[in-house]
There are 2 protein chains.
Amino acid sequence: MKNSITEIARRADVSIATVSRALNNDSRVKESTRNRIQRIAREINYRPNLLARGFALKRSNIIGLIMPELVDEYFTEVIKGVEAEAIANGYYTMVASTHNREGSIVDTLDRFSHNRMVDGLILLTTFQTAATKRALGETGIPLVVIGDDPLLTHADVVKIDNFQGAYSLISYLVSQKGYRKIAHITGPPGNLDANRRKEGYLAALAKLGLEINPAWMVEGQFTIESGKSAFQRLMSLNEKPDLIFAANDRMAIGCYEGAGALGLRIPTDIGIAGFDDIFVSRFLTPRLTTVGVPITEVGKTAASLLLSRLAGTEPLRTREVIISTGIVPGDSV
Amino acid sequence: MKNSITEIARRADVSIATVSRALNNDSRVKESTRNRIQRIAREINYRPNLLARGFALKRSNIIGLIMPELVDEYFTEVIKGVEAEAIANGYYTMVASTHNREGSIVDTLDRFSHNRMVDGLILLTTFQTAATKRALGETGIPLVVIGDDPLLTHADVVKIDNFQGAYSLISYLVSQKGYRKIAHITGPPGNLDANRRKEGYLAALAKLGLEINPAWMVEGQFTIESGKSAFQRLMSLNEKPDLIFAANDRMAIGCYEGAGALGLRIPTDIGIAGFDDIFVSRFLTPRLTTVGVPITEVGKTAASLLLSRLAGTEPLRTREVIISTGIVPGDSV
DNA sequence: CTGTTAGCGCGTTCAC
DNA sequence: GTGAACGCGCTAACAG
C-alpha cells in the first residue's frame, strides 16, 4: 500500500491538492472535507515524505551543528541546548563533528551550505583561520557562530564572556583571598577562548597594580598533561607564584596531579583556579575554584537566533549575544 | 546563476543524463567528457542537491540516532562513535534526544521511521516497555538497538556485557580483596543495564557461596543523591556490609559523599565499587574501583551494523554483538 | 557513448 | 471549495 497524499486523495475521493490543503490546515477547505481527510490520514498512519516536501519547498527543516571533535560535557550540553530548541520549533538537528582538523571544518561548512541539506548552520569553533573565515563568508545560508570571535558581519554570534570571567576571578582572588603572585597557564595559542581569558587575566592584574611576570605565563594545551608540565615548570622557578590560574579546568586538574607528585598541598602551599566548571571539578579534592559557564544556554541561544532568522521575521543586521559567566567558589584557593 | 546539473549540461553542451553519469563516475561516459564535466562542476562549485537526490532515490543517506536525555559522557561517546563511522561511509547522523519520556521515544521512533527522513535507526534505550517494543516492530526500516534487551527478532542488537562485568568485579573483590559482606545499590527498577548488573552480582555471590542478604540490596536511581541515601541506609543497618557495589559510578560518588558526611574512610572503613568508569571516577579520592565500558566502540559497532545492512549485503537474520567490559582497579577497595 | 523522457511526492498556481 | 497541471533536481530506463 502506498502512503502518500495520492493514496489519501483516492480514498477520500478528492484531488491531491485538497488533501495537501487539508493536511496543512488551509482554511479554504470545507470543514467536513478536512475532517474526513485527516481521519483517513490517521487511519493509514500517513506521514508526509519529508524528502519530497523539502525538495518541493527548497527547505529541509534541518539545522546543522558543526563542532570540533567532541570532548567534555561541553559539547553534549551544546547539542542538548540546540536540539531542544530545534525540536520545539519543528526542526531537526544534524550534528557534524569535524575532528578538529582545519581542512575538515571548511569542507563540512562548504558541503553543508551548498548541498541544501540544512537550512541554517551553527558553527562552534575554538580557533579561526583565514580559510575558515572565507568559507564562513560564502555559506549563503543563515549562520550562527559560537565562539569568542571578532564580530562577523554576516553571522550572528554567541560568545561566552571569557574576558569578564577571568577578570572577575582574578579580582576575587586578589581582593577576597589576598593572592598577589598570580601565574597563568594559557590555552593553545590560536584558541579564541584561551586568548580572551588571558586578556582578562592581564587586564585584572594591570588594574590591580600587580606584577606581570612573564615567567609566570606558561603555555598549555587545554589538556591535563599539559597542565601538569606547566605546573612543574612554574614550581621550578626561583620566584614561585602563590596561585596558578589555569585557562581551563582540565589543566587545573593537571596542576592537582603535579602538586600531588611534589607533595604540595592545595591551597596551603599553592592556590589553584580554573575555568569552565566541568562536572569533575566538583569532585576534586579540594573542590576546584573556577568559572562557571551556562553551556546549555549557549546552545539554546544559538539555535534560537538561527531559528528566528529562518523564520524570516528578523532584521538583516547581525546580532551578538554574550553569555555571562560566574565565579564558582571552591576550596582550592 | 543556477547551480544544478541542468546548468552544467548547458555549459558542457551535453544532456543532464550525461552530467549525472559523469558526476557519479559512471564508466560509460567517455573520459574526456567526464573530465570536462567535472571541471565545470568544480568551477561553479556545484554540489548535488541532496534533497532532490534523496527524493529521487528514496534514500536520504541519513541515519537517525535516538537517545534518552543526554547525560554523562556516555552519550557523547556514543554520538562520536556513530558519527565517525557514518561519515566514513558517506552518511550523515541525525540526533534526536527524547528526554527520557516513554511517549516521546515512541513518537520519535514513529516519526523517523515513517517520514522517510532517515534510512535507518539506532536506538539507545535503558528501559523497554510494551509500547516501545510495538513501535520497534513497526519501523519498516533497518534498526539497531543499543541496550541490554532480550534479543529482538527484527533488529540488530549491541549490548554491553553488564552481567559479566558485575560478575567479574564481585569475583575479583572477593578473591583478591577478601570482601565477604557485599551490598549492592541497584539502578532504577526498569533499567535494563541495572537489572543485568544486579543479576551478575547475585550470580557471583551464589557461585562464591556468599550470603545474599536482602537488606543489603537497596534501590537507587543512578543519581549521586540516590547513591548517598542508599549509602546512609546501608550504614544504619545493624549488620553492615564491608563493601558496597553501586550499579553505576554516579551512585558510587554518592557513597563517597555519604562516607564523608559520616566520617568514614574509604576503603579502610568501607569499600566502594562502581560501574561505568566515567571520566570523573579517575579523580575521586581515592580513585574508584569500577568496571570500564568502551563506549565509543558501542557507537561504532551500532553504526557499522546498520550501515552494512543498509548496504544490502547482509543476511536477513539479526545479529547481536556483545561489547565486553573490564575491571578498572582503583584504591577504593 | 549519449540523449530523451518518465517519475519520485509534494506544494502551488490558475482555473472553474 | 475544489481540481488539473506544473515544476522542483535528480536518477534510471529505454532508445539510439
Side-chain angles (χ1 to χ4, degrees), chain A residues 1-38 40-41 44-62 90 111 113-119 140 312, chain B residues 1-38 40-41 44-62 90 111 113-119 140 312:
Chain A
M1 183 196 83
K2 292 179 30 135
N3 197 309
S4 60
I5 55 171
T6 313
E7 172 69 11
I8 299 177
R10 198 181 59 71
R11 297 197 183 212
D13 198 28
V14 294
S15 73
I16 58 164
T18 302
V19 175
S20 175
R21 292 185 191 115
L23 295 177
N24 290 303
N25 283 312
D26 188 312
S27 61
R28 290 172 302 181
V29 181
K30 202 200 308 175
E31 190 177 337
S32 62
T33 312
R34 179 167 54 233
N35 289 339
R36 182 158 45 93
I37 289 172
Q38 292 183 339
I40 294 175
I44 69 173
N45 197 24
Y46 169 79
R47 293 287 180 289
N49 180 326
L50 260 37
L51 252 30
R53 167 181 282 169
F55 174 49
L57 257 37
K58 302 180 184 315
R59 186 156 70 70
S60 64
N61 270 46
I62 301 175
R111 195 155 29 88
S113 58
H114 291 306
N115 66 14
R116 311 296 319 168
M117 179 60 95
V118 301
D119 295 341
Chain B
M1 184 196 82
K2 293 179 28 137
N3 197 309
S4 61
I5 56 172
T6 313
E7 172 68 12
I8 299 178
R10 197 179 60 70
R11 296 197 184 211
D13 198 27
V14 293
S15 74
I16 58 166
T18 301
V19 175
S20 175
R21 292 187 192 110
L23 295 177
N24 291 303
N25 282 313
D26 189 312
S27 60
R28 289 173 303 182
V29 181
K30 202 201 309 176
E31 191 177 335
S32 62
T33 312
R34 178 167 57 234
N35 289 339
R36 182 158 45 96
I37 291 173
Q38 292 183 339
I40 294 174
I44 68 174
N45 196 24
Y46 169 81
R47 292 287 179 289
N49 180 326
L50 259 35
L51 253 30
R53 168 182 283 168
F55 175 48
L57 289 175
K58 303 180 185 316
R59 185 156 69 71
S60 65
N61 270 43
I62 301 176
R111 196 155 28 85
S113 58
H114 291 305
N115 65 15
R116 311 297 319 170
M117 179 60 94
V118 301
D119 296 341

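Convention: sequence-line order gives letters A, B, ...; per-chain numbering from 1.
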Handout entry: Gap between atoms CD1 and C1', on B:Ile5 and C:dT2 respectively (whole Å)
Key = 14 Å
Practice task
Examine D:dG7: is either OP1 or OP2 under 4.0 Å from a nitrogen or oxygen in the side chain of A:Lys58? Give yes or no.
Solution key: no
Practice task
Would you mind reading off the distance between B:Leu51 atom CG and D:dT11 atom C1', rounded to a whole angstrom?
Solution key: 15 Å
Exercise for the section: Check every atom of C:dG3, D:dT2, D:dC10 against the side chain of B:Ala52 and return the nucleotide holding the closest atom. Expected result: D:dC10
Problem - A:Arg21 vs D:dT2: side-chain N/O to OP1/OP2 distance below 4.0 Å - result: no
Practice task
Could you tell me whether the phosphate oxygens of D:dT11, OP1 or OP2, come under 4.0 Å of any side-chain nitrogen or oxygen in B:Asn24?
Solution key: yes
Fill in the blank from the handout: Of C:dG3, D:dC10, D:dG3, the nucleotide closest to the side chain of B:Val14 is C:dG3
Handout entry: OP1 or OP2 of C:dC10 under 4.0 Å from side-chain N/O of A:Tyr46
Key = yes
Practice task
May I have the distance from A:Asn49 (atom CG) to C:dG11 (atom P), rounded to whole angstrom?
Solution key: 10 Å
Handout entry: 5' priority, DNA chain D, between A:Ala56 and B:Ala17 [closest heavy atom]
Key = A:Ala56
Practice task
For D:dC10, take OP1 and OP2 only and decide whether either is under 4.0 Å from a side-chain N or O of B:Ser20.
Solution key: no
Handout entry: For atom CG of B:Asn25 and atom C1' of D:dT11, their distance in whole Å
Key = 15 Å
Problem - Presence of B:Ser15 side-chain N/O under 4.0 Å of C:dT4 phosphate oxygens OP1/OP2 - result: no
Practice task
Could you tell me the separation between the CG atom of B:Leu50 and the P atom of C:dC8, rounded to a whole number of Å?
Solution key: 21 Å
Practice task
Salt-bridge test for B:Glu7 and B:Arg10: reply yes if a basic N is under 4.0 Å from a carboxylate O, no otherwise.
Solution key: yes
Exercise for the section: For A:Arg53, answer base if it contacts any base atom (sugar-phosphate contacts may also be present), sugar-phosphate if it contacts only those atoms, and nothing otherwise; contact means non-hydrogen atoms under 4.0 Å. Expected result: sugar-phosphate
Fill in the blank from the handout: Atom CG of A:Asn115 and atom P of D:dC8 are separated, to the nearest Å, by 20 Å
Exercise for the section: May I ask you to evaluate whether A:Thr33 reaches the phosphate of D:dG1, defined as a side-chain N or O under 4.0 Å from OP1 or OP2? Expected result: no
Exercise for the section: Using atom types as modelled and distance alone, determine if a side-chain donor or acceptor of A:Asn49 lies under 3.5 Å from a backbone N or O of A:Ser4. Expected result: no
Practice task
Please round to the nearest 0.5 Å and tell me the distance separating atom CZ of A:Arg36 and atom CD of A:Glu31.
Solution key: 13.0 Å
Handout entry: A:Asn3 side chain to A:Ile44 backbone, donor-acceptor under 3.5 Å
Key = yes
Completion exercise
Rounded to whole Å, CZ of B:Arg47 lies from C1' of D:dG9 at a distance of 16 Å
Problem - Test item: B:Asn24 side-chain N/O and B:Asp26 main-chain N/O as donor-acceptor pair under 3.5 Å - result: no
Problem - 5' precedence on DNA chain C between A:Leu23 and B:Val29 (nearest-nucleotide basis) - result: B:Val29
Exercise for the section: Would you mind reading off the distance between B:Ile16 atom CD1 and C:dG7 atom C1', rounded to a whole angstrom? Expected result: 12 Å
Exercise for the section: Verify the neighbour count for atom CG of A:Asn25: are there more than 12 heavy atoms of other residues, nucleotides or ligands below 6.0 Å? Expected result: yes
Problem - Aromatic stack A:Phe55/D:dC8: centroid gap under 5.5 Å, interplanar angle under 30° - result: yes
Practice task
With heavy atoms under 4.0 Å as the rule, sort B:Leu57 into base, sugar-phosphate or nothing.
Solution key: sugar-phosphate
